[in-house]
Amino acid sequence: MSATSHGSISAVPLVDEQELLTRYDPVVGLEVHVELNTATKMFCGCATGFGAEPNTQVCPVCLGLPGALPVVNAVAVESAIRIGLALNAQIAPWCRFARKNYFYPDMPKNFQTSQYDEPIAFDGYLDVNLDDAGDPSEVFRVPIERAHMEEDTGKSLHVGGTTGRIHGADHSLVDYNRAGIPLIEIVTKPITGAGGRAPAVARAYVKALRELLRSLGVSDVKMEQGSLRCDANVSLRPRVGQDPAGPEQLDVPLGVRTETKNVNSLRSVERAVRYEMSRHAAVLDAGDAVTQETRHWHEDTGVTTAGRPKSDADYYRYFPEPDLVPVAPSHEDVERLRASLPEPPALRRQRLQKQWGYTDLEMRDVVNADALEVIEQTVAAGATAAAARKWWTGDLARRANQQQVPVTGLGVTPTHIAELDEMVRAGRVNDSMARQVMDGVLAGEGTPTQVADRRGLALVQDDDALDTAVAEVIAANPDIAEKIRGGKLNAVGALIGQVMRQMRGQADAARVRELILSRLT
């Protein structure tokens, strides 16, 4: 056993993961909320742009004022259908909205317009690639219970505390700009049979879902801005037998679940599931019962803490929304939207990997760097696939990670990379100089050509100058020269390095090698 704590909260014992798997079978369920990128809100004409001044994108409808009547956003409905189709789900020929009644300060109507027992999409699945064991081709099928339409709530800002939460805050402010933004909630069925890989499956699913939604163009899926949020449900049930890799235990009842709310990164999804598995095991081993509740995830300490008791559906007193007509997409409309679906991300990755000649490991690095799109654009702009991968998954990925921005947020464009690659292939600059050029591009000094011109970065093309430098270096190092004459060609590197330093790095190392060997062999 080990222990951890959060702030003044008493230490919570945890059970080692491998130990708990001998006695318990983890079951995970994931609820992902996706903000659609429609121009207007779900039931009114207010704008949806992120980052506007608080309470400037509101109207009587999204503020829930008396007498205001909602109207369904047709684009949001089409986006919901496309999401359902991409998740291999059934599309309901008739469905309707419901009122989910509960009080929360950032929900102005005191109810949320959602869907209850009649979702627009149901009974689907998503195949996800697992790479936690080093095999990126392994696939796990995650069953989808439903995808339904609803509206987002406003946002509370707790001021004066140290954690950003209501406890310890001096006062709270509410911004209703987000209230009414179209949401699609995608709910999995209980994910069973993953055993100790349940945390990795959870992460892989959210990652695959984010990639799918981005390919559909229905959301920017920025987890850091809250446009994609994950609630992770975890429970443990007793294991029959001692083999964690044994057959699925379909006849064993599910355990009591907890729901960790609003986890906002892929890494945190995996960590939160892993933590709750260990915490549940500790509670059950102590002879206590797991409390069905929501939990808060703390990124800084890697623990969850109790939220509120988790109620069943009847607590919310759902009833049909009387101010909205049912949604009844025709078969023709559904098929039209099906025809608009893009190439599935997994198939697209396979096609591009073959086209670019990447290994499985190289392609995994591209996906992990979230660089697939930008590499495709870079190759289309004229760069080689190898150069595009080298730049976007190497130095640029490192810089993006340091600055905590997407790799596309550095100010470097696919055209920049293609131009720089052409300069290298044309022999104008070498790799070392190319990195200096990139430093200038990142500093805002202009295009690669402009940076190279301003900094005077160009390879010396004058063989006479190179030959003079080579002769001087050979004369200064007779012992090394003699080794090369004797057939020890690996010694030529020492002379190349000296020539490059003498030429201030502005020489083609391959051409320098040729000139040295032509004199000594």
Side-chain angles (χ1 to χ4, degrees), residues 17-18 126-142 191 194-215 221 223 245 265-271 273-274 342-410 412-414 416-418 420-421 424-425 430-432 434-435 438 442:
E17 187 172 318
Q18 293 305 313
L126 181 62
D127 288 332
V128 302
N129 292 94
L130 298 179
D131 58 13
D132 61 305
D135 182 4
S137 64
E138 185 176 357
V139 173
F140 190 99
R141 176 162 292 185
V142 176
I191 302 172
R197 304 181 73 183
V201 169
R203 174 177 180 151
Y205 166 75
V206 177
K207 179 180 179 181
L209 182 59
R210 185 181 66 170
E211 185 181 24
L212 177 65
L213 295 167
R214 184 187 288 120
S215 75
V221 292
M223 298 185 78
S265 76
L266 298 177
R267 177 172 176 266
S268 293
V269 169
E270 181 173 0
R271 292 176 68 205
V273 170
R274 199 176 301 281
E343 181 182 19
L347 295 181
R348 178 169 172 248
R349 282 197 307 274
Q350 294 172 9
R351 174 177 59 81
L352 291 175
Q353 180 178 352
K354 183 177 180 180
Q355 179 180 320
W356 295 339
Y358 290 174
T359 65
D360 287 345
L361 183 59
E362 288 171 342
M363 197 63 178
R364 185 175 69 181
D365 289 343
V366 168
V367 173
N368 289 341
D370 205 12
L372 189 69
E373 296 281 348
V374 74
I375 287 178
E376 185 176 26
Q377 295 165 10
T378 303
V379 172
T384 65
R389 180 186 58 80
K390 180 188 74 173
W391 282 109
W392 289 115
T393 66
D395 189 51
L396 293 177
R398 177 183 57 79
R399 291 172 185 259
N401 186 56
Q402 289 174 345
Q403 298 178 29
Q404 296 186 329
V405 298
V407 72
T408 53
L410 293 171
V412 178
T413 68
H416 287 150
I417 299 297
L420 185 53
D421 182 42
V424 173
R425 286 186 287 154
N430 57 23
D431 287 342
S432 175
R435 288 191 289 273
M438 181 56 70
L442 288 164

On a heavy-atom basis, which atom in [X] and which in [Y] lie closest, and how many Å separate them?
{"X": "Val142", "Y": "Tyr205", "result": "CG1-CD1, 3.7 Å"}
{"X": "Pro199", "Y": "Gly196", "result": "CD-O, 3.4 Å"}
{"X": "Ala381", "Y": "Ala418", "result": "O-CB, 3.5 Å"}
{"X": "Ala434", "Y": "Trp391", "result": "O-CH2, 3.9 Å"}
{"X": "Val412", "Y": "Leu442", "result": "CG2-CD2, 3.4 Å"}
{"X": "Ala202", "Y": "Val273", "result": "CB-CG2, 4.0 Å"}

What's the verdict on side chain to side chain contact (heavy atoms under 4.5 Å, CB included) for Arg351 and Glu343, showing C-alpha distance, side-chain angles and the deciding distance? CA-CA 10 Å; Arg351 174 177 59 81; Glu343 181 182 19; 2.9 Å; yes

Do [X] and [Y] sit within salt-bridge range, that is, some charged N less than 4.0 Å from a carboxylate O?
{"X": "Arg214", "Y": "Glu373", "result": "no"}
{"X": "Arg364", "Y": "Asp360", "result": "no"}
{"X": "Arg435", "Y": "Asp431", "result": "no"}

Gln402, CD: over 12 other non-hydrogen atoms inside 6.0 angstrom: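 Above 12, so yes.
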
Evaluate the side-chain proximity of [Y] to [X]: yes if any heavy-atom separation is below 4.5 Å, no if none is.
{"X": "Met363", "Y": "Leu372", "result": "yes"}
{"X": "Asp365", "Y": "Arg389", "result": "no"}
{"X": "Val128", "Y": "Lys207", "result": "no"}
{"X": "Thr378", "Y": "His416", "result": "no"}
{"X": "Val374", "Y": "Pro414", "result": "yes"}

What's the separation between atom [atom1] in [X] and atom [atom2] in [Y], rounded to the nearest 0.5 Å?
{"X": "Arg203", "Y": "Arg274", "atom1": "CZ", "atom2": "CZ", "result": "10.0 Å"}
{"X": "Thr384", "Y": "Asp421", "atom1": "OG1", "atom2": "CG", "result": "4.0 Å"}
{"X": "Arg348", "Y": "Glu376", "atom1": "CZ", "atom2": "CD", "result": "4.5 Å"}
{"X": "Leu130", "Y": "Glu138", "atom1": "CG", "atom2": "CD", "result": "5.0 Å"}
{"X": "Arg210", "Y": "Ser215", "atom1": "CZ", "atom2": "OG", "result": "12.5 Å"}
{"X": "Leu213", "Y": "Leu209", "atom1": "CG", "atom2": "CG", "result": "4.5 Å"}

- Query: Is there a donor-acceptor pair under 3.5 Å between the side chain of Glu270 and the backbone N or O of Arg267?
  - Reply: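 Absent.
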
So does Ala385 get a backbone contact from the side chain of Tyr358, meaning a donor-acceptor N/O pair under 3.5 Å?
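Between the backbone of Ala385 and the side chain of Tyr358 there is a qualifying donor-acceptor contact (under 3.5 Å).
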
**Request:** Check the pair Ile375 / Trp356 against side chain to side chain contact (heavy atoms under 4.5 Å, CB included), numbers first and verdict last.
**Result:** CA-CA 10 Å; Ile375 287 178; Trp356 295 339; 3.6 Å; yes

_Stepwise side chain to side chain contact (heavy atoms under 4.5 Å, CB included) test for Arg399 and Val407_ = CA-CA 8 Å; Arg399 291 172 185 259; Val407 72; over 6 Å; no

task: Decide whether a cation-pi geometry holds between Arg197 and Phe140; the criteria are a distance under 6.0 Å from NZ or CZ to the six-membered ring centre and an angle within 45° of the ring axis.
output: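 That pair does not qualify as a cation-pi contact.
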
Evaluation steps, side chain to side chain contact (heavy atoms under 4.5 Å, CB included), between Leu266 and Met223: CA-CA 9 Å; Leu266 298 177; Met223 298 185 78; 4.2 Å; yes

Arg349: salt bridge (Lys or Arg N to Asp or Glu O under 4.0 Å) partners, not counting sequence neighbours |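 Residues passing salt bridge (Lys or Arg N to Asp or Glu O under 4.0 Å) with Arg349: Glu211.
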
